[in-house]
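Down below is the structure, laid out as structure tokens.
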Amino acid sequence: MAANQASTDVIIVGAGPVGLFAVFQLGLAGLKAYMVDILDKPGGQCAELYPEKPIYDIPGLPVCTGQELTDRLLEQIRPFEPVLHFGEMAAALDKTEVGHWRLSTDTGRIITAPVLVIAAGGGSFVPKRPPIPGIEAYEATRSVLYAVRRVENLHNKDLVVAGGGDSALDWTINLAPLARSLTLVHRRPEFRAAPHTVRKMRDLESQGLVRFELGQPAGLKGSDGRLEAVVIKRMDGSTAELAADALLPFFGLTMKLGPIAGFGLNLNENLIPVDTERFETSTKGIFAIGDINTYPGKLKLILSGFHEAALMAQAAYRYVHPDKKLRFQYTTSSSELQRLLKVA
Ligand code: FAD
């Protein structure tokens with residue numbers, strides 16, 4: 001099998017808290033999981049939207065932050081050695097000759113399995129695009145980048161980074177030493193990033209490695225999708241043209257259902273209807289758990305997703321092992337489960 005092809009028991013789309021706990025429940029049933037997430041890290045909304053905020057309604061954990069919950073879930077699933085692919089979007093789905101699901105990601109990876117679990121939350125996080133006329137042509141040539149996958153492509157280039165949050169400042173700090181020039185553009189003198197990151201950026205500015213402009217990107221100049229300059233509109237109303245090979249706008253993320261809408265599932269206002277016994281969709285062998293699903297009485301809470309993951313795993317087992325019966329067991333007393341958990 002090619003390096004970017006794999007076959008497993010269950011594919012999980014989405015490494016948010018619910019997808020991560022699904023790995024645990026599937027693992028207890030002896031099922032192996034592969035996960036894909038478009039983000040570059042696990043934790044979904046908890047890690048992306050509120051890593052430092054306290055959560056008070058996780059059973060048994062009176063208080064923990066979004067990042068702590070993610071870290072604890074990762075620790076809990078470690079014994080099951082899931083295969084996690086980050087920075088990849090689940091892009092297309094079809095069936096193999098033997099009736100398994102074949103998921104393709106936007107990087108060309110192909111994973112096949114008898115069961116697909118969609119734990120995609122509110123959908124994929126997609127970068128907010130600045131309202132610049134004609135920006136699409138430069139996105140296609142990767143002269144406008146919303147994420148940096150290959151730092152080496154930006155060596156010795158004139159770069160314009162836009163935004164005032166952690167991503168904008170982190171990339172400013174990482175790229176300034178290797179760029180030919182780097183200008184950070186932000187519409188306010190204050191930043192939303194961590195104070196130590198702001199200090200680092202200011203140090204680089206005083207060393208002449210970063211130039212700061214108070215304004216917003218307003219236009220792009222170039223030809224055939226090759227960027228030559230970013231036009232910025234300063235807050236005092238003046239404009240300036242900055243020589244640029246690439247513009248990196250970091251204006252936050254929005255959530256869109258994205259390619260899952262084309263997987264052939266019944267949808268109800270961008271949510272996936274499921275039954276409440278197995279959390280299976282209208283298509284056999286495809287389950288939906290967590291914020292992405294809908295059923296009467298659904299509460300978009302992490303604990304609801306955890307419950308859904310447990311019942312989903314029981315039903316998934318029957319697809320992977322149609323000839324076997326899954327025995328109900330407690331982790332406290334089952335030596336078989338303790339062996340799987342590597343605590344025995
Ligand atoms: P998500 O956390 O949304 O994760 C889904 C993952 O799927 C994402 O990482 C996404 O990148 C990925 N994905 C989507 N589409 C694709 C695709 N096509 N390919 C690859 N990956 C894809 N809940 C509580 O219970 N208690 C709280 O106190 C609480 N506080 C909250 C505070 C805030 C500010 C917010 C925004 C939410 C809060 N919630 C809280 C809600 C909670 O975060 C969600 O219920 C929970 O994150 C849902 O988990 P999930 O795994 O279903 O989805």
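Start at 1 and go down the list; that is how both ligands and their atoms are numbered.
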Contacts for ligand 1, heavy atom under 4.0 Å, by chain and number, are Val13, Gly14, Gly16, Pro17, Val18, Gly19, Val36, Asp37, Ile38, Leu39, Gly44, Gln45, Leu49, Tyr50, Ile55, Asp57, Glu88, Met89, Ala90, Ala119, Ala120, Gly121, Gly122, Gly123, Ser124, Phe125, Met255, Ile260, Gly290, Asp291, Lys300, Leu301, Ile302
With sequence neighbours excluded, give me every ring-ring contact (aromatic ring centres under 6.0 Å, His included) pair touching residues 91-118. none
Going by side-chain hydrogen bond (donor to acceptor under 3.5 Å, both in side chains), name the residues that satisfy it together with Glu81, two or more places apart in sequence or in a different chain. Lys342
Going by salt bridge (Lys or Arg N to Asp or Glu O under 4.0 Å), name the pairs with one or both residues in residues 317-333, residues two or more places apart or in two chains. Arg327-Glu336
Any donor-acceptor N or O pair under 3.5 Å, side chains Glu88, Thr107: yes
Scan side-chain atoms only and decide if Asp158 and Ser181 contain a donor-acceptor pair under the 3.5 Å cut-off. yes
Do we get Arg202 above Phe212's six-membered ring, with its NZ or CZ under 6.0 Å from the centre and within 45° of the axis? yes
